[in-house]
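Notes to accompany the following structure.
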Amino acid sequence: MRNLIDQMFALFDKRTESMSRNMAHNHGRRSFLAKAGAAVIGSAMLPLLPFEQAGRAYASEEEENPMDPNSCSYWRYCAIDGNLCSDCGGTLTSCPPGAEASKVSWVGTCHNPSDGKDYLVSYNDCCGRAMCNGTYCLKSERERPGYQMGLHNDINWCMANTSQGYHCTVAVLIGLAEGA
Amino acid sequence: MRNLIDQMFALFDKRTESMSRNMAHNHGRRSFLAKAGAAVIGSAMLPLLPFEQAGRAYASEEEENPMDPNSCSYWRYCAIDGNLCSDCGGTLTSCPPGAEASKVSWVGTCHNPSDGKDYLVSYNDCCGRAMCNGTYCLKSERERPGYQMGLHNDINWCMANTSQGYHCTVAVLIGLAEGA
Amino acid sequence: MSFKKSVMYSAILQCLVGTLMFSSAQAETKFVPEKFTVEQTIKPGPNVIVNGASWDGASKIHIYGQEELNYQGSVSAGLVSQTLPSKDGKQLYVLSHYMKRYTYGPVESAVQIFDINTLTEAKEIIVPNKAAHAIGMPGLLERNYDDSWIYVQNATPATSVTVVDKKLGKVINEVAVPGCFGIFPAKDSNKFSTLCGTGAIKSVTFNGNKYEISESKSGLFDVKKDALYVQAIRNVNGLLMIPSFNGNIYMVDDSGKAPKLVEKISITKGTEGNWAPGGYQVMSYNKSLDMIFVLMHPDAYEGSHKDASSEIWAYSMDKKKIISRSPAENLVALAVSQGKTPILFGSNEEDETVDQYTLADAKAFTFTKAGSDDKTGWSTNLQVDQ
Amino acid sequence: MSFKKSVMYSAILQCLVGTLMFSSAQAETKFVPEKFTVEQTIKPGPNVIVNGASWDGASKIHIYGQEELNYQGSVSAGLVSQTLPSKDGKQLYVLSHYMKRYTYGPVESAVQIFDINTLTEAKEIIVPNKAAHAIGMPGLLERNYDDSWIYVQNATPATSVTVVDKKLGKVINEVAVPGCFGIFPAKDSNKFSTLCGTGAIKSVTFNGNKYEISESKSGLFDVKKDALYVQAIRNVNGLLMIPSFNGNIYMVDDSGKAPKLVEKISITKGTEGNWAPGGYQVMSYNKSLDMIFVLMHPDAYEGSHKDASSEIWAYSMDKKKIISRSPAENLVALAVSQGKTPILFGSNEEDETVDQYTLADAKAFTFTKAGSDDKTGWSTNLQVDQ
């Protein structure tokens, strides 16, 4: 969780500073920061929605196995959108060698059938390489459009990095979901 | 044919000038020009090779029809390597709107079954656009490696243009083959 | 040098001409060499524009004639393109990103303006590299009502909107609208609205270099229970129609200072099978018929909001009822032509094609697949230019 | 400002930690968050490198472990890449082209040097934009014998060779070798040879900033009747082996001033079915066995020289006979590992995969397909790093 906090602080330090510098309008830095904070961090902490239906893998014909990290039906991937780094020279939680770790991420709340708990999953992109041709998965449980940026998976989360090319995506457990 | 001559002259005017400017070695401009000329222009004028076997289309399962310009087995395509411009917004002999005509080309000698004659076919690339996703054909009758550059089809013939991205390929009849 | 060159050329020329003469003499009919040319324009008529965005190379924007689904040509851009035809349908705006080393290195984001008739570039405007690198969808690259400004949605991930003056060819403003996303231009050319994570809609009104933000009642929509898609289309009565995950159309009045919800219309009410919209551009609108067309799938569940279609529903906004349901598999984006006999175009996620649907039964007003082309590859949005 | 910021952060932190504490308290075992990291190195062992060149986007160079065909990772480049491992197998050289607008605009051609173990870039050297934009194949990006220079084949279409000093990180020479193509480094580090359209082979020898070109007897090979592939491999006896369209191996001695043909070995003599090599990298060589492996197809005809394989032939250069013929469909490039039990790797044109062939029958010395991976996409050449 330290990780998540660090990432989000890093984000605010770097990006909102530079953004604010470029804005000379009638909106104060404080109100901007406060609102951005509410939107990005707040959204990651959303309570669970009252449904628990399984998502669908992109390749729907494949065997469903919520315990197989090589399958799009793996429980952690409930809101993933990307190519699995584990199929690209990385692992479930690490980027392939030479890629750059994304500074920011979107977050899903996924149900682990083996212990019955709900986890916060940080989907981090690995950056600065051409898109890996590894297994592509798309599931959008509790995913929301860009007005809830911290839950949004239709965007390149290398956006805050120096190297912005999208390479692949990992699924990192960062917390137990509220009420789990 | 005027076209071909113009193109080749344009090539020599532009490219060898700049090339020569960049060379400060112990080879004179004249001998270089003469040799390059022999290689590039000479090769386009090669006598027919003594065989007349039909080439194979890349997509070998397709219906062979040497009179159908939409088929890779079209007689003009005997040494083509590229995406057909006619499937990309252009025609058999013209680039799609907005693309740039290649200044140089490779040449094939193809047999037209309808009149029994052999024709020189200039395969020109259209340039400055992303590769078109139209029908891709590869046939290599009398095609030769880069030491016979004017017959070579494994290279981007947008190489002498300002806009060098490869878009698609046309097949233009520029002459009757020697002895036809 | 120039002497040597001309001698050289003469020799080559003689050789070429000699060969030709020889050949021509033997030919029964004189051979006339063909000319290698470039098409100057595409064929006239309305087009559909398919955004073939790439994540690690040149995005390809494909232009097809609406009637025949004939390939007219393409323009090329950088990474993760967004596309938008101009108001008069004569130009095409493309936002994309160019990295010095293609997938890394310094990034240059640009709005490029292409002339659709000639498919040539008319203008390129560099915009701040804050522009969202997003999947192709509505609401991220828009223009104001009189088409003098182009809006670009930014995300760093903090959100803002860049305002480009088309004539000046440069950025004239940047508006921070934190926690909000999507640009819905108002009929007032100095104004746009945007969806916010609080469930509010905000309107941004410009006054020279300054701008003012007004907010709708919070909770205009419920982000958890009935989230809105980032897509709004203005109907014949001047209201914005915004589709939701559950198949409601939110009718929003953006003419006042702050946006107001006028009505919420469920297009699924009374229909069995738990149908819901799905995709990246779920809805299109035909003005002459005052009818929306929506990509629908059955057995909806939390997370199915981007699932591809099973059917296209035609819904009359005037009569507030379903006019027809046409089977249409695997579409994630929809665009409809204008006029009384619409043609539908969809991005097919499974086959990676653009699909054309035409009226099969005028009385039942049902559509069937009439054409398809795979040169688009995978796409998530498309537009008609008129 | 800094005060406000820290207040802001504290509030967020408290909120986050509060939520976590609450969650953790309820959990039966304490939850330990996972760490998001980056792999520092690939797994040890020999690799095969597949050149996934792109014509309108980032080329992708894929690194696989030889034994398991496990995906180790990748490096990214610009358009139409050429690849080459360093002499010690620790680095990878990649030539590619970067256009400002991806498919048009000013072009920057670069040789990039990557460390294979970490897959990070060690150096980038800009070379003249004359470098051939060619399909991936041998002979266009090479290094001299002691690996101090990198050679780049140019084509504008006039041909020349750029010489890069690896240590200095810059271009030190450019040699015009008009009408010739392909770079075959000699054992003398100051020398390379090249194939010419006249049927001769030329050797270029450097002496400081100057160079001298010596030419073999003209007609060393017949460009029309038995053209040579642009590929040469040095055998255990120090001779260059150059395969021809008709299945002859030209044994060339490049140790003297001018190259000399020592012998021409037909690998098809006495075999029924009109077999011939086919592909972009038709041959590979295993030194310990003094054996070449060649991609072969039957019923050859003029123009079939790039047709994909039906079989892989293992031919002993020592015994001058075919050792085995293994069925292997659709390959257009071949690389063999070193050692007495070789593994073969091929680029499969039809399936767009890399295929692995291992010894199935040690006695018959025949190979069968043991693995395949589709992450490479379409490729036309590949290399082993040791």
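In this text, all values refer to a predicted model and were calculated from it rather than measured experimentally. All values below come from the heavy atoms of this structure, side chains included, with hydrogens, waters and symmetry mates left out. Reminder, nothing fancy here: chain letters follow the sequence lines and each chain counts from 1.
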| Is there a side-chain contact (heavy atoms from CB on, under 4.5 Å) between B/Tyr166 and D/Val80 once you walk through the steps? | CA-CA 10 Å; B/Tyr166 169 75; D/Val80 268; over 6 Å; no

| query | Does B/Arg144 use its side chain to pair, donor to acceptor, with the backbone of D/Lys224 at less than 3.5 Å? | reply | yes

| Once you round to the nearest 0.5 Å, how far does CD of B/Gln148 lie from SG of D/Cys180? | 11.0 Å

| task | Specify which of B/Ser163, B/Gly146, B/Cys158 makes the most heavy-atom pairs with chain D at under 4.5 Å. | result | B/Gly146

| message | side-chain contact (heavy atoms from CB on, under 4.5 Å) for B/Asp81 and D/Ile135? Distances and angles first, verdict last. | response | CA-CA 11 Å; B/Asp81 182 358; D/Ile135 280 182; 4.0 Å; yes

| said: So D/Thr159 and B/Met149, do their side chains get closer than 4.5 Å, heavy atoms only? | reply: yes

| said: side-chain contact (heavy atoms from CB on, under 4.5 Å), that's the test. Do D/Leu79 and B/Gln164 meet it? Break it down for me. | reply: CA-CA 10 Å; D/Leu79 299 172; B/Gln164 294 188 6; over 6 Å; no

| said: Quick one, B/Trp157 and D/Pro157 - any side-chain contact, counting heavy atoms below 4.5 Å? | reply: yes

| Min side-chain heavy-atom separation D/Thr194-B/Tyr147 under 4.5 Å | no

| field | Greatest number of heavy atom pairs closer than 4.5 Å to chain B - which of D/Val107, D/Val230, D/Thr198, D/Leu195 | value | D/Leu195

| field | chain B contacts, top residue of D/Gly197, D/Pro106, D/Gly182, D/Gly57 (heavy-atom pairs, under 4.5 Å) | value | D/Gly197

| Looking only at heavy atoms, which two atoms of D/Lys306 and B/Ser140 are closest? And how far apart? | CE-OG, 3.2 Å

| query | Top residue by heavy-atom pair count (under 4.5 Å) with chain B, among D/Arg101, D/Met137, D/Met99? | reply | D/Met99

| said: How long is the straight-line distance from OH of D/Tyr104 back to NE2 of B/His167, given to the nearest 0.5 Å? | reply: 12.5 Å

| B/Asp154 side chain near D/Thr380 side chain, heavy-atom distance below 4.5 Å | no

| remark: Closest heavy-atom pair, D/Phe245 versus B/Glu143, reported as atoms and distance to 0.1 Å, is CE2-O, 4.0 Å

| query | Under the side chain to side chain contact (heavy atoms under 4.5 Å, CB included) test, which residues partner D/Ala134, sequence neighbours left out? | reply | B/Ile155, D/Gln82, D/Ala132, D/Leu140

| query | Using 4.0 Å as the upper bound for N to carboxylate O, is an ion pair formed by D/Asp56 and B/Arg129? | reply | no

| request: May I ask you to decide whether D/Glu302 forms a salt bridge with B/Lys139, counting only side-chain N to carboxylate O separations under 4.0 Å? | output: no

| So which part of D/Tyr102 gets closer than 4.5 Å to some heavy atom of chain B, the side chain, the backbone, both or neither? | neither

| field | For D/Ala131, side chain to side chain contact (heavy atoms under 4.5 Å, CB included) partners two or more places apart | value | D/Leu95, D/His97, D/Val152, D/Asn154

